[in-house]
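The structure appears right after this line, and notes come after that.
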Amino acid sequence: MTLRLYNTLSRSKDELRPLDPTNVRMYVCGPTVYHFAHIGNARPVIVFDVLYRLLRHVYGADHVTYVRNITDVDDKINARAAERYPDMDPLKAIRKLTEETAAQFHKDIAALGVLPPSVEPRATDHIGEMKALCEALVKNGHAYVAEDHVLFDVPSMKDYGRLSGRSLEEMEAGARVEVAPYKKDAMDFVLWKPSKAGEPAWDSPCGIKTKGRPGWHIECSAMAGKHLGQVFDIHGGGIDLVFPHHENEVAQSRCAHGTAAMAQVWMHNGFLQVEGEKMSKSLGNFITIHQLLDGKDFGGSQWHGRVVRLAMMGTHYRQPIDWTVERLVQARSTLFEIADTLAGVEAEGGPNEDVVAALSDDLNTPSALSIVYGLLKSARRNEAARPGLRATLDFLGLYGGETRDELNVGFEAKAVDAAKVEGLVAARLAARKAKDFKESDRIRDELAGMGVSLKDAKDPKTGEIVTTWEVAR
RNA sequence: GGCCACGUGGCGGAGUGGUUACGCAACGGUCUGCAAAACCGUGUACUCCGGUUCAAUUCCGGACGUGGCCUCCA
């Protein structure tokens with residue numbers, strides 16, 4: 001089985017040829033932990049979890065290393081910590097914020113059926129590696145020190161801009177930001193900068209006397225280099241990270257290590273909108289994973305993590321996705337059907353080959369799901385097909401044996417008097433037996449008015465009519 | 001302003017130079033006293049205008065629309 005993946009670097013779907021098939025290495029940019037992860041953050045987490053599962057299936061679970069970092073040093077973190085805990089010592093406030101946010105992130109994404117990565121490094125544990133990169137870059141002429149900053153010398157890298165597909169001239173022509181006076185070139189970016197009072201501070205590299213802290217992009221270069229090596233197979237993240245974040249990562253890593261590539265394949269998931277609009281706090285449609293799972297802010301309902309995952313997988317990862325209540329409702333109905341069909345069924349064997357094949361073509365989850373629907377259809381009447389379907393759904397992370405009620409999280413059935421309902425159901429059955437259909441229909445209408453719906457079925461053995469009822473959802 | 005994506009039936013959403021995607025909804029049928037559920041079946045869609053071609057939704061150019069990046073962002 002070969003995988004074909006769309007590579008941002010080549011702008012084409014290329015066959016994946018791991019540098020070392022006994023250790024396929026993937027790095028994905030994880031969250032900067034300054035606020036609860038929002039639904040847009042969930043997209044890459046789910047997308048690359050699917051890829052991770054596929055890689056493990058193809059190359060073996062022990063032959064894949066997946067690194068997804070946590071960035072816990074950043075301007076936004078500092079600002080947010082000061083805002084939230086104004087009376088606390090800044091460093092303590094920052095630690096409190098990052099720890100709380102990281103813990104919530106883990107809780108949120110676990111509910112989405114996401115496997116933990118092989119390694120989840122934190123930026124602040126890799127300050128030494130970042131400083132070493134700064135030193136190396138200055139030493140080989142790709143970075144310089146100015147006013148206690150270490151800056152990357154962009155013009156020193158001849159193919160800077162290749163990943164994002166833009167030339168230096170283009171970028172400088174379109175630049176709208178004012179250029180800091182210590183920069184040699186407008187495009188130069190910060191690798192290390194001096195810390196102000198109340199900001200996290202470490203001893204600086206490159207002979208800088210004042211204490212400082214890393215710039216935005218260097219942490220990923222440091223963590224990827226440490227855990228995956230100088231060149232690895234796949235690097236992923238949201239499409240908005242292509243520039244400047246990934247472009248600068250490539251620049252730092254390649255120039256520091258003297259390599260022709262940082263990662264062989266660069267993958268980027270498309271953007272997410274909410275009900276047709278850009279998600280933003282000002283529009284009031286900013287929705288966190290936590291709110292979706294535990295609140296009732298979106299569509300007036302809580303949503304099970306599996307429902308969120310299925311809704312996300314319904315769109316190919318590179319396409320834009322419009323996050324709507326309607327798509328969650330649809331995903332939930334599908335999962336209800338799955339739960340009804342697979343109640344108590346144990347997985348047997350591996351995932352369906354056609355599903356694996358669909359995913360192997362640039363992670364075509366919609367196509368894979370259409371195959372799943374076919375399997376579901378046959379599993380409904382063919383018991384023998386159920387364990388295989390269960391195995392396939394396990395593989396996709398879409399179903400873990402939840403019951404319909406569990407999937408219908410937060411649903412509060414309208415209170416009904418069960419004894420009274422039973423009595424009415426029995427009265428209706430009696431009326432039916434007596435062929436008093438007018439009365440039996442009247443009783444059914446009465447029950448419907450109470451929110452109770454009925455199903456008549458014949459007992460397959462005795463031929464007796466058995467009526468089941470449930471409170472309408 | 002510069003650069004880049006995307007535009008498929010009521011909705012969601014794959015894919016393809018000529019042959020059924022698929023799901024939801026809808027509709028028809030079977031079953032049922034009637035329903036519900038279940039099962040079976042039905043849809044001929046690809047923004048617009050040019051071009052290439054025997055043939056384009058599918059390739060090329062343009063228009064329009066939506067979105068992204070260029071500044072923090074998944």
Side-chain angles (χ1 to χ4, degrees), chain A residues 8 11 28-32 34-35 37-48 68 71 74-77 79-80 161 164-167 169-178 187 216 236-247 268-273 276-281 289 310-311 313-322 324 326-334 337 340 358 361-362 364-374 376-377 380-381 428 431-433 435-438 440-441 444-445 447-448 452-458 465 467-470 472:
Chain A
T8 304
R11 318 258 152 189
V28 172
C29 290
T32 298
Y34 69 106
H35 63 51
H38 56 67
I39 186 61
N41 295 305
R43 172 112 106 143
V45 172
I46 293 171
V47 164
F48 292 104
R68 188 188 62 218
T71 294
D74 178 271
D75 288 348
K76 294 187 295 293
I77 294 174
R80 187 67 196 271
S164 52
R166 44 186 101 193
S167 66
E169 302 80 69
E170 254 169 34
M171 288 186 271
E172 301 202 358
R176 303 190 308 211
V177 276
E178 56 181 285
M187 293 309 297
W216 174 29
I239 195 164
D240 54 318
L241 292 181
V242 174
F243 189 88
H245 184 57
H246 288 165
E247 193 70 72
H268 295 96
N269 63 270
F271 226 68
L272 176 144
Q273 285 181 273
E277 289 183 303
K278 178 170 173 156
M279 180 167 62
S280 73
K281 282 175 183 155
I289 305 173
L310 177 59
M313 286 173 65
T315 298
H316 182 87
Y317 77 95
R318 283 194 283 124
Q319 291 292 114
I321 187 170
D322 189 16
T324 61
E326 179 54 34
R327 84 190 301 135
L328 285 166
V329 170
Q330 214 171 294
R332 185 169 61 186
S333 323
T334 302
E337 201 180 316
D340 290 347
D361 181 15
D362 196 30
N364 194 334
T365 50
S367 180
L369 286 174
S370 80
I371 295 157
V372 166
Y373 297 141
L376 178 58
K377 199 171 181 180
R380 299 188 65 147
R381 54 195 137 160
R428 173 172 167 274
R432 284 195 57 189
K433 252 179 202 160
K435 299 222 189 292
D436 184 355
F437 296 124
K438 203 176 164 192
S440 79
D441 287 351
R444 188 174 61 208
D445 289 347
L447 285 165
V452 172
S453 57
L454 302 180
K455 274 187 215 172
D456 291 337
K458 262 186 192 161
I465 297 291
T467 299
T468 55
W469 62 277
E470 65 173 8

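Here is how names work: the chains are called A, B, and so on, in the same order as the sequence lines, proteins then strands, and each is numbered from 1.
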Nearest whole Å is fine: how far is [N] [atom2] from [X] [atom1]?
X: A:Met279; N: B:C72; atom1: CE; atom2: P; answer: 18 Å
X: A:His246; N: B:C70; atom1: NE2; atom2: P; answer: 13 Å
X: A:His38; N: B:A74; atom1: NE2; atom2: C1'; answer: 6 Å
X: A:Asp362; N: B:A5; atom1: CG; atom2: P; answer: 15 Å
X: A:Met187; N: B:C70; atom1: CE; atom2: C1'; answer: 8 Å
X: A:Met313; N: B:A14; atom1: CE; atom2: P; answer: 13 Å
X: A:Glu247; N: B:U71; atom1: CD; atom2: P; answer: 13 Å
X: A:Gln273; N: B:G67; atom1: CD; atom2: P; answer: 6 Å

Quote, to the nearest angstrom, the [atom1] distance that separates [N] from [M].
N: B:C59; M: B:G68; atom1: P; answer: 25 Å
N: B:A55; M: B:G62; atom1: P; answer: 23 Å
N: B:C46; M: B:A21; atom1: P; answer: 12 Å
N: B:G61; M: B:A56; atom1: C1'; answer: 15 Å
N: B:G9; M: B:U20; atom1: C1'; answer: 14 Å
N: B:G17; M: B:C24; atom1: P; answer: 28 Å
N: B:U66; M: B:U47; atom1: C1'; answer: 11 Å
N: B:G41; M: B:G13; atom1: P; answer: 26 Å

Just to be sure I understand the rule, does [X] reach a base, reach only the sugar-phosphate, or reach nothing, if contact means heavy atoms closer than 4.0 Å?
X: A:Gly237; value: sugar-phosphate
X: A:Ile371; value: nothing
X: A:Lys278; value: sugar-phosphate
X: A:Tyr373; value: sugar-phosphate

Could you state the interatomic distance from [atom1] ([X]) to [atom2] ([Y]), rounded to the nearest 0.5 Å?
X: A:Ile321; Y: A:Met313; atom1: CD1; atom2: CE; value: 11.5 Å
X: A:Asp74; Y: A:Arg80; atom1: CG; atom2: CZ; value: 12.5 Å
X: A:Asp362; Y: A:His316; atom1: CG; atom2: NE2; value: 4.0 Å
X: A:Thr324; Y: A:Gln273; atom1: OG1; atom2: CD; value: 11.0 Å

Practice problem: Please report the C-alpha distance between A:Lys433 and A:Ile465 in whole Å, then the side-chain angles of each, then the deciding distance to 0.1 Å, and finally whether the side-chain contact (heavy atoms from CB on, under 4.5 Å) criterion is met. | Solution: CA-CA 10 Å; A:Lys433 252 179 202 160; A:Ile465 297 291; over 6 Å; no
Quiz item: Is there ring stacking between A:Phe271 and B:A74, where the centres must be under 5.5 angstrom apart and the planes under 30 degrees?
Solution: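 Stacking is present between B:A74 and A:Phe271, given that their ring centres fall under 5.5 Å apart and the planes under 30°.
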Quiz item: Any stems for RNA chain B, made of 3 or more Watson-Crick or G-U pairs in a row, each with both distances under 3.5 Å?
Solution: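 Only these stems qualify: B:1-7 with B:64-70, B:10-12 with B:22-24, B:26-30 with B:38-42, B:47-51 with B:59-63.
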Exercise. Sugar-phosphate atoms are those with a prime plus P, OP1 and OP2; base atoms are the rest. Using that split, label each nucleotide of nucleotides 33-41 of chain B B, S or - for protein heavy atoms under 4.0 Å, 5' to 3'.
Key: BBBB-SSS-
Practice problem: Can you check each nucleotide of nucleotides 8-13 of chain B against protein heavy atoms at under 4.0 Å and return B for base, S for sugar-phosphate only, - for none, in 5' to 3' order? | Solution: ----SS
Practice problem: Could you tell me which residues satisfy ring pair (Phe, Tyr, Trp, His ring centres under 6.0 Å) with A:His246, sequence neighbours excluded, listed by chain and number? | Solution: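 For A:His246 the ring pair (Phe, Tyr, Trp, His ring centres under 6.0 Å) partners, ignoring immediate neighbours, are A:His235, A:Trp266, A:His268.
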Quiz item: Who pairs with A:His35 by ring pair (Phe, Tyr, Trp, His ring centres under 6.0 Å), at least two apart in sequence or on another chain?
Solution: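 Per chain and number, A:His35 pairs via ring pair (Phe, Tyr, Trp, His ring centres under 6.0 Å) with A:His38, A:Phe286.
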Quiz item: Which atoms form the tightest heavy-atom contact between A:Ala311 and A:Ala331, and what is the distance?
Solution: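 Closest approach of A:Ala311 to A:Ala331: N-CB, 3.8 Å.
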Quiz item: Salt bridge between A:Glu470 and A:Lys455, side-chain N to carboxylate O under 4.0 Å?
Solution: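 Here A:Glu470 does not pair with A:Lys455 in a salt bridge, since their nearest N and O are not under 4.0 Å apart.
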Quiz item: Yes or no on side-chain contact (heavy atoms from CB on, under 4.5 Å) for A:Ile239 and A:Phe271, after CA distance, side-chain angles and deciding distance?
Solution: CA-CA 7 Å; A:Ile239 195 164; A:Phe271 226 68; 4.3 Å; yes
Practice problem: Evaluate side chain to side chain donor-acceptor pair (under 3.5 Å) for A:Thr315 paired with A:Arg327, printing each intermediate quantity in order. | Solution: CA-CA 10 Å; A:Thr315 298; A:Arg327 84 190 301 135; 2.7 Å; yes
Quiz item: From the list B:G67, B:A74, B:C70, which nucleotide is the closest neighbour of the side chain of A:Phe243?
Solution: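 The nucleotide sitting nearest to the side chain is B:C70.
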Practice problem: Identify, with sequence neighbours excluded, every residue that meets salt bridge (Lys or Arg N to Asp or Glu O under 4.0 Å) alongside A:Arg428. | Solution: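 A:Arg428 satisfies salt bridge (Lys or Arg N to Asp or Glu O under 4.0 Å) with A:Asp456 only.
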Quiz item: If only atom types and distance count, is the side chain of A:Asp322 paired as donor or acceptor with the main-chain N or O of A:Gly276 below 3.5 Å?
Solution: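 Yes.
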Quiz item: Mapping A:Gly374 and A:Arg318 onto RNA chain B by nearest heavy atom, which one lands closer to the 5' end?
Solution: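 So the residue in question is A:Arg318.
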